Amino acid sequence: MPELPEVQTVIDGLNQIIINQTIRKIKILRKGITSCNFSQILGEKFLKLERRGKYIIFHLSSELVIIGHLKMTGKFVVTSKYVKYHPHDRVIFFLGDQSKLIFNDVRCFGHLELIGSADLLEKFKKMGPEPWDSKYNSQYLQKKLENRKIPIKTLLLDQNLVAGIGNIYASEILFEAGIHPEKPGHSLMVSEFNQIIESTRRILNLALKYNGTTISDFRRVDEKTGEFQNFLKVYGRQGLACRICGEKIQKIKQNQRSTFLCSSCQT
DNA sequence: AGCGGAACCTGTCGGC
DNA sequence: TGCCGACAGGTTCCGC
């Protein structure tokens, strides 16, 4: 589900609500979501939430941090004491003000883990730079991709190359950059790497401004939808006219995942 | 090392 | 209407 803008939207929502709340009790409704021993964080407070790639980092008033990943369908919702459980609620944090922080996930791909804050660096050691990091530049991409034969679209989904891009924004970024998604990584020129970097930042910034994309079931913490779906130029628009040239948008499969493109604008 | 495919799990939608 | 396959915003593991 959620890519960088959606994860950041969730974090911004939670930062408004759960900071300084005490964790009174934790209930795990579905095993497999987490194998943590949560008893060691009872009585602790949420201090601050951060994002790294598509991971959510909950800093606590102890030396431990909770790391969450929403995968395809995970959500965090905060509700009052009296709201009943929903079918896909998986983990419930009972908070000091009697509200509940609920991790809900239809498909159960999502995951929560507990690690020492000193182990955060190690945890994210292999992950690529954030898109706005100055390390994410054309020399970096050229070096990392010089031996890669696979399509640039597939490469943009690799979190060890750059953090946070998923299936929707990969298509949108390459459309904006005017680059065909099937081009092998090693075949791109420096100017094309620069286009990708600029497009990545522009599109993610815009998506952040509109609280992410709601295609099916992404919701903000307050259960509102994101609005960036209204700005999508290729994703989900197969058969419709390209907004730039009028050509029909195509849908292709790459590595078992859908890619959308305009074969006239992207070369 | 790089690459493709399967697996994880549940729900929905479109075609026949 | 009902069944069945395809598909869904992600990541990891396995074998070549």
Side-chain angles (χ1 to χ4, degrees), chain A residues 1-11 29-35 51-56 67-76 86-91 103-113 123-128 131 143-175 181-187 200 203-204 206-208 210-220 225-239 251-260:
Chain A
M1 105 140 241
E3 309 180 35
L4 187 155
E6 293 77 35
V7 175
Q8 187 65 51
T9 298
V10 168
I11 289 175
L29 300 174
R30 169 82 174 230
K31 287 192 175 169
I33 296 291
T34 181
S35 52
R51 183 187 57 70
R52 178 74 174 96
K54 301 172 194 169
Y55 286 87
I56 302 173
I67 299 185
H69 200 300
L70 306 174
K71 292 288 180 81
M72 300 284 260
T73 51
K75 305 177 207 274
F76 278 104
H86 287 259
H88 308 302
D89 289 350
R90 307 302 185 192
V91 180
F103 180 69
N104 176 290
D105 186 3
V106 171
R107 291 173 73 181
C108 296
F109 286 178
H111 195 70
L112 300 180
E113 64 178 314
K123 166 82 187 170
F124 296 115
K125 195 176 61 176
K126 288 169 71 181
M127 185 174 281
K143 181 112 177 75
K144 291 284 272 188
L145 302 187
E146 62 187 358
N147 294 320
R148 307 301 300 273
K149 299 176 195 148
I150 60 174
I152 184 61
K153 151 67 168 20
T154 305
L155 290 162
L156 287 179
L157 298 179
D158 180 355
Q159 303 299 297
N160 294 331
L161 180 70
V162 55
I165 297 173
N167 205 43
I168 293 179
Y169 297 111
S171 282
E172 294 296 317
I173 287 164
L174 290 173
F175 174 77
E182 289 177 310
K183 268 195 168 175
H186 65 70
S187 73
T200 301
I203 286 176
L204 295 182
L206 200 60
L208 284 167
Y210 288 97
N211 295 304
T213 302
T214 300
I215 288 295
S216 57
D217 61 359
F218 169 70
R219 292 294 182 280
R220 292 149 61 177
T225 60
E227 299 298 334
F228 190 71
Q229 62 274 15
N230 301 322
F231 299 86
L232 296 174
K233 292 185 178 146
V234 286
Y235 188 89
R237 303 191 76 247
Q238 69 275 20
K251 177 179 180 175
I252 62 174
K253 273 280 184 226
Q254 293 181 292
N255 264 64
Q256 323 168 81
R257 309 203 67 189
S258 295
T259 299
F260 301 85

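It should be emphasised that the depicted structure is a prediction, and the values quoted were computed from it without experimental measurement.
Secondary-structure annotation of DNA chain B gives the stems B:2-8 with C:10-16, B:10-16 with C:2-8, with a stem taken as at least 3 successive Watson-Crick or G-U pairs whose two distances both fall under 3.5 Å.
Put simply, NZ on A:Lys251 is 7 Å from P on C:dC7, counting in whole angstrom units. Distance, A:Lys71 NZ to B:dC9 C1': 11 Å, rounded to whole Å. Between the P atom of C:dA8 and the CZ atom of A:Phe260 lies a distance of 7 Å, rounded to the nearest Å. A:Leu157 places its CG atom 10 Å from the P atom of C:dG9, with the value rounded to the nearest Å. Atom NE2 in A:His86 sits roughly 19 Å away from atom P in B:dT10 (whole-Å rounding).
Scored by the salt bridge (Lys or Arg N to Asp or Glu O under 4.0 Å) test, A:Arg237 finds no partners at all (sequence neighbours excluded). The salt bridge (Lys or Arg N to Asp or Glu O under 4.0 Å) test applied to A:Glu227 returns no partner, not counting sequence neighbours. The salt bridge (Lys or Arg N to Asp or Glu O under 4.0 Å) test applied to A:Lys144 returns no partner, not counting sequence neighbours. With sequence neighbours excluded, no residue forms a side chain to side chain contact (heavy atoms under 4.5 Å, CB included) with A:Ser35. With sequence neighbours excluded, the residues forming a side chain to side chain contact (heavy atoms under 4.5 Å, CB included) with A:His111 are A:Glu113, listed by chain and number. In this structure, A:Lys253 has no salt bridge (Lys or Arg N to Asp or Glu O under 4.0 Å) partners at least two apart in sequence or on a different chain. Judged as a side chain to side chain contact (heavy atoms under 4.5 Å, CB included), and not counting sequence neighbours, the contacts of A:Glu182 are A:His180, A:Ile252, A:Gln254. Contacts of A:Tyr169 classified as side chain to side chain donor-acceptor pair (under 3.5 Å), with partners at least two apart in sequence or in another chain: A:Glu6, A:Thr213. Remark: A:Asn211 engages A:Thr9, A:Arg220 in a side chain to side chain contact (heavy atoms under 4.5 Å, CB included) (not counting sequence neighbours).
A tilted orientation is assigned to the rings of A:Phe103 and A:Phe76, their planes being inclined by 30° to 60°.
Once the 5.5 Å centre distance and the 30° plane angle are applied, the aromatic ring of A:Phe109 is found not to be stacked with the base of C:dT11.
Considering only the side chain of A:Lys253, C:dA8 comes nearest among C:dA8, C:dT11, C:dG9. In this structure, the nucleotide among C:dG9, C:dT11, C:dC7 sitting nearest to the side chain of A:Gln159 is C:dT11.
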Could you go over nucleotides 2-5 of chain B and give all protein N or O partners under 3.5 Å, atom names and distances?
residue: B:dC3; atom: OP1; partner: A:Lys149; partner atom: N; Å: 2.5
residue: B:dC3; atom: OP1; partner: A:Ile150; partner atom: N; Å: 3.3
residue: B:dC3; atom: OP2; partner: A:Arg148; partner atom: NE; Å: 2.3
residue: B:dC3; atom: OP2; partner: A:Arg148; partner atom: NH2; Å: 2.7

Can you check nucleotides 11-16 of chain B for protein contacts, nitrogen or oxygen pairs under 3.5 Å, and list what you find?
none

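At the heavy-atom level, A:Tyr55 lies under 4.0 Å from the strands shown only through sugar-phosphate atoms.
Residues A:Leu206 and A:Phe228 meet the side-chain proximity criterion, which asks for heavy atoms closer than 4.5 Å.
For A:His111, no side-chain nitrogen or oxygen approaches OP1 or OP2 of C:dT11 to under 4.0 Å. When the side-chain nitrogen and oxygen atoms of A:Lys54 are compared with OP1 and OP2 of C:dG10, one or more of them lie within a distance under 4.0 Å. Side-chain nitrogen and oxygen atoms of A:Ser258 include at least one within less than 4.0 Å of the OP1 or OP2 phosphate oxygen of C:dA8.
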